[in-house]
Amino acid sequence: MCGRYATSRSSDDLAAEFEVDDIFDGLPGPDYNVAPTVAVPAVFERTSKDTGETRRRLAPLVWGLVPSWSKSATGGAKLINARVESVAEKPSFRRAFAARRCLLPADGYYEWYLPEAARAASGRPLPGLGKTKKQPFFIRRTDGGVLAMAGLYEIWRDPAKDRDDETAWLRTCTVITTEATDAVGHIHDRMPMVIGEESFDAWLDPKQDDPAAALELLSVTDPAQLEAYPVSTEVNRVQNNGPSLLLPLADDEDDGDDQAPLI
DNA sequence: CCAGACGTTGTT
DNA sequence: GTCTGG
DNA sequence: CCAGACGTTGTT
DNA sequence: GTCTGG
């Protein structure tokens, strides 16, 4: 799945990478420990009612989708993932899937695994965490490129506030997950759905509102080439942040190789 | 008809 | 909002 | 996803 | 154990 990730690229870099037309206010700075409920940079398109022009935005969305019909904004924090197998039918997601698709740029994401399985997966000893404390891993593209995670967004209005009050509108998002490929399937059976550059336009086009076509696009998408390596449990606390969270965990055994092997 | 749900993940 | 269950 | 909290009483 | 907050 995807319950924590890193997104550290600058707004300018992301705008160039995703060929964005407009950069919005309120974008968060580099975040190496993105947790549900925080604002993340997102790429999506909106069509002007007046001119009919579609423009691509880089704008903040809050992670944890709140459907438009929700009675309150709290509780949406649970909807951080949507399964690709059912996203077109589930009441919480189908409307967004048809009309409000987005891309969530990430450096990579974190995955926690029980120590025994983590040792088996990484094929090496790992620091003693006991039997129950999980070992975090960071998973990224093997080519070091931006991970364009497929997402959906919703706009929820606080009924207690006026329509022209900007704070009345809450824009939230969720990450679509799919079956993990072999490379990272050892770590976890789910992973985020990743969109290739060649499919950005079709995925983001809000005029393309046929769910079957969006599903077809995902089914022909090549699975991303990913690699995973263990990192420090520092990432467990959402208060901890910074590039050091991405550092490969040093090998427990002193065999002269202090770079952790990738798996 | 009204009431109530509407999601994902983990898994000793 | 829209569907399912009673 | 993990960390941290987890409560009651009064009541025009 | 289960929910909320980040």
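Here is how names work: the chains are called A, B, and so on, in the same order as the sequence lines, proteins then strands, and each is numbered from 1.
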Given [N], is OP1 or OP2 found less than 4.0 Å from the side-chain N or O atoms of [X]?
X	N	value
A/Lys134	D/dC2	yes
A/Asn81	B/dT9	no
A/Arg83	B/dG7	no

- prompt: In which stems does DNA chain B show up, taking only runs of three or more Watson-Crick or G-U wobble pairs whose two distances fall under 3.5 Å?
  reply: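 Expected stems, ordered by start: B:1-6 with C:1-6.
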field: Test side-chain contact (heavy atoms from CB on, under 4.5 Å) applied to A/Arg100 and A/Leu152, step by step
entry: CA-CA 6 Å; A/Arg100 283 180 297 280; A/Leu152 306 174; 6.0 Å; no
How is [X] classified with respect to the nucleic acid when contacts are heavy atoms under 4.0 Å: base, sugar-phosphate, or nothing?
X	result
A/Asn241	nothing
A/Phe93	sugar-phosphate
A/Ser68	nothing
A/Ser70	nothing

- prompt: Which two nucleotides bound the region of DNA chain C that has atoms under 4.0 Å from heavy atoms of chain A, read 5' to 3'?
  reply: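 The footprint of chain A covers C/dG1 to C/dC3.
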Atom [atom1] of [X] to atom [atom2] of [N]: distance rounded to whole Å?
X	N	atom1	atom2	value
A/Arg4	B/dT9	CZ	C1'	14 Å
A/Leu114	D/dC2	CG	C1'	13 Å
A/Ile176	B/dT9	CD1	P	12 Å
A/Asn33	D/dA3	CG	C1'	12 Å
A/Ile139	D/dC1	CD1	P	13 Å
A/Trp112	B/dT12	CH2	C1'	21 Å
A/Lys133	D/dC1	NZ	C1'	14 Å
A/Glu154	B/dC6	CD	C1'	12 Å

Say we look at [N] and [M]: how far apart would their [atom1] atoms be, to the nearest angstrom?
N	M	atom1	result
D/dT9	E/dG1	C1'	26 Å
B/dC2	D/dG10	P	37 Å
D/dT8	E/dT4	P	15 Å

- prompt: In this structure, which one of A/Ile23, A/Leu104, A/Leu58, A/Asp31 forms a side chain to side chain contact (heavy atoms under 4.5 Å, CB included) with A/Pro41?
  reply: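 It is A/Leu58, the one option of A/Ile23, A/Leu104, A/Leu58, A/Asp31 that forms the side chain to side chain contact (heavy atoms under 4.5 Å, CB included) with A/Pro41.
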message: Side chain of A/Ser92 only, heavy atoms from C-beta on: which candidate in B/dT9, D/dA3, B/dC6 is closest?
response: B/dC6
Out of B/dT9, D/dC1, B/dC6, whichever nucleotide has its closest atom nearest the side chain of A/Thr177: B/dT9
message: Closer than 3.5 angstrom, by distance alone: can the side chain of A/Arg4 be matched with the main-chain N or O of A/Asn236 as a donor-acceptor pair?
response: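 Yes, because the side chain of A/Arg4 sits within donor-acceptor range (under 3.5 Å) of the backbone of A/Asn236.
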query: Are the side chain of A/Asn240 and the backbone of A/Val235 linked by a donor-acceptor contact shorter than 3.5 Å?
result: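 It does not hold such a pair.
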field: Parallel, tilted or perpendicular: rings of A/Trp63 and A/Tyr5 (30°, 60°)
entry: perpendicular
A/Tyr110 ring over D/dC1 six-membered base ring, under 5.5 Å and 30°: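 It does not: the two rings, one from A/Tyr110 and one from D/dC1, miss the stacking criterion.
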- request: Kindly give the heavy-atom pair with the smallest separation between A/Ser92 and A/Leu65, and that separation in Å.
  value: O-CD2, 3.6 Å
field: Heavy-atom pair with the smallest gap, counting every atom of A/Trp169 and A/Arg163
entry: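 Minimum heavy-atom separation between A/Trp169 and A/Arg163: NE1-O, 2.8 Å.
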Can you give the donor-acceptor pairs under 3.5 Å from side chains of residues 194-204 of chain A to other protein atoms, not counting sequence neighbours?
from     : atom 1 : to       : atom 2 : distance (Å)
A/Asp201 : OD1    : A/Arg56  : NH2    : 2.7
A/Trp203 : NE1    : A/Cys102 : O      : 2.8

Got [X] and [Y] here, is their nearest side-chain heavy-atom distance under 4.5 Å?
X	Y	answer
A/Phe93	A/Ile176	no
A/Leu246	A/Tyr229	yes
A/Ser232	A/Leu247	no

